[in-house]
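For this chain, numbers begin at 1 and follow the sequence in order. Just the heavy atoms: all of them, side chains too, but no hydrogens, waters or symmetry mates, feed the values below. All figures in this text were calculated on a predicted structure; none of them were measured in a lab.
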Amino acid sequence: MNRTTLENGLTETQVTTENLFGLIGFNATIGDWRWHTSFQRGTNDLDIPLNNNLIKSRMTLATDAVLSGGSILCASASINPDCVPFNPFGIGAPSQAALDYVMGRSEFNNYTSQQVADTSFSGELFSLPAGPVTIALGAHWRKLESQTTVDALSIAGGYRLANNKPFYGAYEISEQFVETEVPLLENAGLA
C-alpha cells in the first residue's frame, strides 16, 4: 500500500550554501631575480535538509492499527509506545499526531575545502658568450577535501525520499619544476 500524504504539505527543502575564498600573495624583485608566492583557501558549506519526508518504517507501524478496549492503537503499541495510529483512508483522515509521527526531516551537509600554495623564482645565473643563462624553479601544492554528513535514518534508508550516505574524500598534489635556458649561439648564420 502506498499513499500520497499531503496533509502536512509538500516534502520540501531549503538549500543554503556558503562560499568563502581568500587569497594572499606577493611579487618581489631581488636584483635580477623575481619571486612570486601565493596561498589561497576556499570552502563551500552546502546544507540540504528535506522537511516533511515520510519515514517508511513508522508508516508501516502506524497503519497496522487495531481496535483495543474501544480505542484504536498501533498493533505494536506494547513494544512501540510512541506509535500513533494512522488512518490512510481519505484526504484529511490522519490526525496531526499521526502525521507528526510518520514524517521527519532528513539532513544532508557537504563541506568542501581547497588549499593551494605556489612559489616560483626566476632569474639569471651567469652569462655565456651567447647570452645569459636563466633559470626558473618553483613548487605547487594543492589539497582538496570533501565530507558529507547525514542523519542516521538516511544512512539506514529509512525515508521515502533522498536517503543520502556519508562520504569523505581527499587528495593532495605536490609538484615541482625547474626550467633553464642556455644560449649556445648568437647571431649564427645557419641556413
Side-chain angles (χ1 to χ4, degrees), residues 8-58 103-191:
N8 249 17
L10 298 173
T11 301
E12 61 184 9
T13 188
Q14 185 172 14
V15 177
T16 56
T17 185
E18 182 178 283
N19 293 297
L20 297 172
F21 178 78
L23 170 65
I24 187 169
F26 67 88
N27 294 315
T29 301
I30 304 167
D32 292 335
W33 289 86
R34 290 170 300 287
W35 180 20
H36 161 78
T37 295
S38 67
F39 177 77
Q40 57 183 293
R41 177 173 167 78
T43 61
N44 174 262
D45 193 358
L46 175 66
D47 195 35
I48 309 176
L50 199 55
N51 298 306
N52 215 22
N53 198 355
L54 182 76
I55 302 169
K56 297 181 294 185
S57 62
R58 287 189 179 184
M103 297 302 212
R105 173 184 165 113
S106 58
E107 300 288 342
F108 173 92
N109 177 266
N110 178 259
Y111 184 80
T112 302
S113 68
Q114 178 175 278
Q115 301 174 73
V116 179
D118 283 297
T119 190
S120 64
F121 299 89
S122 61
E124 295 182 13
L125 291 174
F126 53 87
S127 288
L128 292 175
V133 174
T134 59
I135 190 169
L137 56 111
H140 172 85
W141 172 82
R142 179 171 65 245
K143 182 176 183 180
L144 180 71
E145 289 183 275
S146 183
Q147 180 169 7
T148 297
T149 54
V150 298
D151 59 283
L153 200 52
S154 288
I155 294 170
Y159 291 104
R160 179 184 284 174
L161 302 172
N163 289 294
N164 295 298
K165 303 297 183 246
F167 167 81
Y168 176 79
Y171 70 84
E172 192 169 338
I173 294 173
S174 179
E175 301 171 318
Q176 298 79 36
F177 71 89
V178 176
E179 299 175 8
T180 186
E181 183 178 284
V182 179
L184 300 176
L185 299 172
E186 181 181 24
N187 299 325
L190 300 175

Q) Counting only heavy atoms not in Leu10, do more than 12 sit closer than 6.0 Å to its CG atom? A)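 Atom CG in Leu10 is not crowded, with 12 or fewer foreign heavy atoms closer than 6.0 Å.
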(Q) Counting only heavy atoms from other residues, nucleotides and ligands, does the tally under 6.0 Å from CD of Glu181 exceed 12? (A) no
My understanding is that only residues two or more places apart in sequence, or in another chain, count here; which of them pass side-chain contact (heavy atoms from CB on, under 4.5 Å) with [X]?
| X | answer |
| --- | --- |
| Leu50 | Thr11, Thr13, Asn53, Ser106, Leu161, Ala162 |
| Ile24 | Phe39 |
| Ala130 | Pro183, Glu186 |
| Thr148 | Phe108, Asn110, Val150, Phe167 |

**Q.** Side-chain donor or acceptor of Asn52 paired with backbone N/O of Asn8 under 3.5 Å
**A.**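 Yes.
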**Q.** Short side-chain to backbone donor-acceptor contact, Lys165 and Ser154, under 3.5 Å
**A.** yes
Q.
Can you pull out every salt bridge (charged side-chain N to carboxylate O under 4.0 Å, His left out) where at least one residue sits in residues 106-116? Sequence neighbours excluded, please.
A.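 Matches after skipping sequence neighbours: Arg105-Glu107.
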Q: Using the salt bridge (charged side-chain N to carboxylate O under 4.0 Å, His left out) rule, collect all pairs that involve residues 32-46, keeping only residues at least two apart or in two chains.
A: none
Going by side-chain hydrogen bond (donor to acceptor under 3.5 Å, both in side chains), name the residues that satisfy it together with [X], two or more places apart in sequence or in a different chain.
| X | value |
| --- | --- |
| Thr17 | Asn44 |
| Gln176 | Ser174 |
| Gln114 | none |

Give, for atom [atom1] of [X] and atom [atom2] of [Y], the distance between the pair rounded to the nearest 0.5 Å.
| X | Y | atom1 | atom2 | value |
| --- | --- | --- | --- | --- |
| Leu54 | Arg160 | CG | CZ | 4.5 Å |
| Thr37 | Asn27 | OG1 | CG | 8.5 Å |
| Asn163 | Ile155 | CG | CD1 | 10.5 Å |

(Q) Please evaluate residues Tyr111 and Asp47 with respect to the criterion side chain to side chain contact (heavy atoms under 4.5 Å, CB included), reporting the C-alpha separation (whole Å), side-chain torsions for both, the decisive distance (0.1 Å), and the verdict. (A) CA-CA 9 Å; Tyr111 184 80; Asp47 195 35; over 6 Å; no
Mind listing the side-chain donor-acceptor pairs of residues 132-145 below 3.5 Å, one per line with the distance, residues two or more places apart or on another chain?
residue: His140; atom: ND1; partner: Asp118; partner atom: OD1; Å: 2.5
residue: His140; atom: NE2; partner: Arg142; partner atom: NH1; Å: 2.9
residue: Trp141; atom: NE1; partner: Glu172; partner atom: OE2; Å: 2.7
residue: Glu145; atom: OE2; partner: Tyr168; partner atom: OH; Å: 2.6

**Q.** For Phe26, all residues meeting ring pair (Phe, Tyr, Trp, His ring centres under 6.0 Å), sequence neighbours excluded
**A.**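 Phe26 satisfies ring pair (Phe, Tyr, Trp, His ring centres under 6.0 Å) with Trp35 only.
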Q. So do the side chains of Thr112 and Thr43 get within less than 4.5 Å of each other, counting heavy atoms only?
A.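 No - every pair of side-chain heavy atoms lies 4.5 Å or more apart.
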